[in-house]
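Beneath this line is the structure, given in structure tokens, with notes to follow.
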Amino acid sequence: MASPLTAGFCELVFNSAEAPEGVEPILQILSVKKINAPGASGQDRYRLILSDGKHFIQAMIATQLNPMVESKEIDKNVLIKLTGYVTNAVQGRKLVIILQLETVPWNGEKIGNPTNLEQAQNAGGASNQSTSAAAPAPVVKQEVGGFQARQQSNAGRGGAQARAAAGGRGKQEVGPLYPIEGLSPYQNKWTIKARVTQKSDIKHYSNQRGEGKLFSVTFMDETGEIRATGFNEAVDNFYNLLEEGKVFFISRARINIAKKQFSNVNNEYEIMFENQTEIEPCDDDSVPQVKFNFKGIDDLGNTQKDELCDVIGIVKEVGELGSVTSKATNKPFAKRDIQLVDSSGHSVRLTLWGKQAETFQADDQPVIAFKGVKVGDFGGRSLSMFSSATMSVNPDIPEAHALRGWFDAEGRNTQFQQYTSAMNNAAGASGAAGGVKPSEIKTIGEAKDEGLGMSEKTDYFTTTATIAFIKQETFSYPACANPEGCNKKVVDDGSGWLCEKCDKKWDAPIHRYILSLNVMDHTGSFWITLFNDQAEQVLEVSANELMRLKDEGSDINSYFQKATGKTLTLQMMAKQDSFNDQPRVRYTCRKANVPDYRADSAHLINLINQMNV
DNA sequence: CCCCCCCC
């Protein structure tokens, strides 16, 4: 019986510089193995050993074919027809990269007794390397993950390849067209067709190694994105050529391992432009526009500080334009904070800087997609936009439309959960791991009944309650007057107020609140502690001023009376504590707000809707 | 080979 396999294919690959043109071989899979090195996008990668009945050869499959491995369509002894592939030499070894394949019906038996072609060839001592001057295109007839029309555009490329051929240097100067996802340091001949989605300014630097300049761009195609950097001469050669938004062919550049801490580009590798790098503009506009890798606002607790991420949200509030002076350079910077919310019900502050802060306008609560914003831990979690980040207002992408729909239908009336700095110390900064979430609305009765603050973990919750009583006897403590902000308790030793921490003596302390309030709602009451900022907000007088009035014998009772009866929405922390060896819960108020009755009502409507009546 | 990106 004739073998269904394409006899001689392995030898053909081994002896050709590029994939054999027009050949769609049928091969048998001898083994499937997951390799340890992740793919460009961090996905699993699989290596196959393929047999033509006589020899076997190694192959990698593009990650879009991974599901076929997982479903066992790609498995040992299965016959496959390669309908899209390229070949590559890696340190003298040949590798087939499969972009598209079809399975061929077969009874599951192994065919023939194939041997390792490389060993056979090397043992024979003969090098049959092709000296063909032709530059065959890779075989891709149908759509491969959006790589349709590759052959046409590749062939129509004209530029680098045609010039190389005209230069009479024999071998093609550039490799076949690759998906960005398929790039790795182990391949040297490739061309990508990609859009520039971001281009940096030219940056000049000077360090021990000397002076220089550099710029970077992000390239994107249907399969992924990759960052590319050019130094010195590459800046002169390519900076003006590479325009944001335009499509280019790029070849003959180096692939390095990406330094991920400096980039949010979703690729294990990055491109380094070299002197022989070739970049040619491309008219084909089919390459997609921008690729986001959104992180939900509620998920920012699971990111590390300083990590870069993409976030999409509704601009709920726009802060005033402000200015700060950089500690490092003493230079002033314009800044503007905005509040972003998404359908997770969480909100986060995002800071814009410089020109972007000055010109930012969003009075109609638009959707904005941010790319490459930096996560900070101020106030639990915050975001900061810097020069390499980009923003798209009301982008035409599904995530944006979904968010718009959600916000207009219900999000408008949602009370959003804010990050709090206490979450930096709490187990699991997301606030979701174990402890009650800060925005979870509880009545006082529920907080007690559910035993919040009774476990090892600190619980956070929000409650709306009315001040029933404020303890007047002790409302403050004498604190260190250091203008840098120390706030430690100081003691009067007769010659002044000593701060042990600052090792300084002050003529007078600054009094700070530790205020005990009894607050109640329709379910019960509890004692809570307010520290300086919250207490000052409630009493509308500073502790220092109140202490001065008290010391001069004025009646300060009116301040406490004025605050009593106020109803506030309190962001609470419930923490285990002990008093006279008895365990008890200490309730601390982290933030007091005027109630948002609209949001509270929306919460109640939610609860009503959940009732089974 | 850069990689700083600001403040509370």
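Below, read A as the first sequence line, B as the second, and so on, with proteins coming before strands; counting in each chain starts at 1.
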[X] side chain near [N] phosphate (N/O to OP1/OP2, under 4.0 Å):
X       : N      : answer
K259(A) : dC1(B) : yes
K213(A) : dC1(B) : no
N232(A) : dC1(B) : no
S326(A) : dC5(B) : no

Rounded to whole Å, please give me the gap between [atom1] in [X] and [atom2] in [N].
X       : N      : atom1 : atom2 : value
L383(A) : dC6(B) : CG    : P     : 12 Å
E270(A) : dC1(B) : CD    : P     : 9 Å
Q356(A) : dC6(B) : CD    : C1'   : 14 Å
E211(A) : dC2(B) : CD    : P     : 13 Å
H204(A) : dC4(B) : NE2   : C1'   : 15 Å
K591(A) : dC8(B) : NZ    : C1'   : 14 Å
F333(A) : dC7(B) : CZ    : P     : 9 Å
W353(A) : dC4(B) : CH2   : P     : 17 Å

Quick check for you: among [options], whose closest atom lies nearest to any side-chain atom of [X]?
X       : options                : answer
R349(A) : dC6(B), dC8(B), dC2(B) : dC8(B)
R209(A) : dC6(B), dC1(B), dC7(B) : dC1(B)
F386(A) : dC7(B), dC5(B), dC2(B) : dC5(B)

Salt bridge or not between [X] and [Y]? Use side-chain N to carboxylate O under 4.0 Å.
X       : Y       : value
E274(A) : R252(A) : no
K501(A) : D503(A) : no
K193(A) : E280(A) : no
K199(A) : E244(A) : no

ask   = Would you say F231(A) stacks on dC1(B), if stacking means ring centres under 5.5 Å apart and planes within less than 30 degrees?
value =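 By the stated criterion, F231(A) and dC1(B) stack.
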At 4.0 Å (heavy atoms only), tell me whether [X] reaches a base, stays on the sugar-phosphate, or touches nothing.
X       : result
S216(A) : nothing
S384(A) : sugar-phosphate
R227(A) : base

query = Among Y239(A), F238(A), F231(A), F248(A), which residue meets the ring pair (Phe, Tyr, Trp, His ring centres under 6.0 Å) test with F273(A)?
reply =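 Looking at Y239(A), F238(A), F231(A), F248(A), the match for F273(A) under the ring pair (Phe, Tyr, Trp, His ring centres under 6.0 Å) is F238(A).
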Any side-chain donor near an acceptor of the partner, T529(A) and T588(A), under 3.5 Å =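 The answer is no; no qualifying pair exists.
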message = Let me spell it out: for each of R254(A) and S382(A), pick the nucleotide of DNA chain B with the closest heavy atom. Which residue's pick is nearer the 5' end?
response =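 Going by which nucleotide is closer to the 5' end, it is R254(A).
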message = Given the structure, check if the side chain of Y205(A) and the base of dC1(B) hold any donor-acceptor pair shorter than 3.5 Å.
response =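 When only heavy-atom distances are counted, Y205(A) does reach the base of dC1(B) through a donor-acceptor pair under 3.5 Å.
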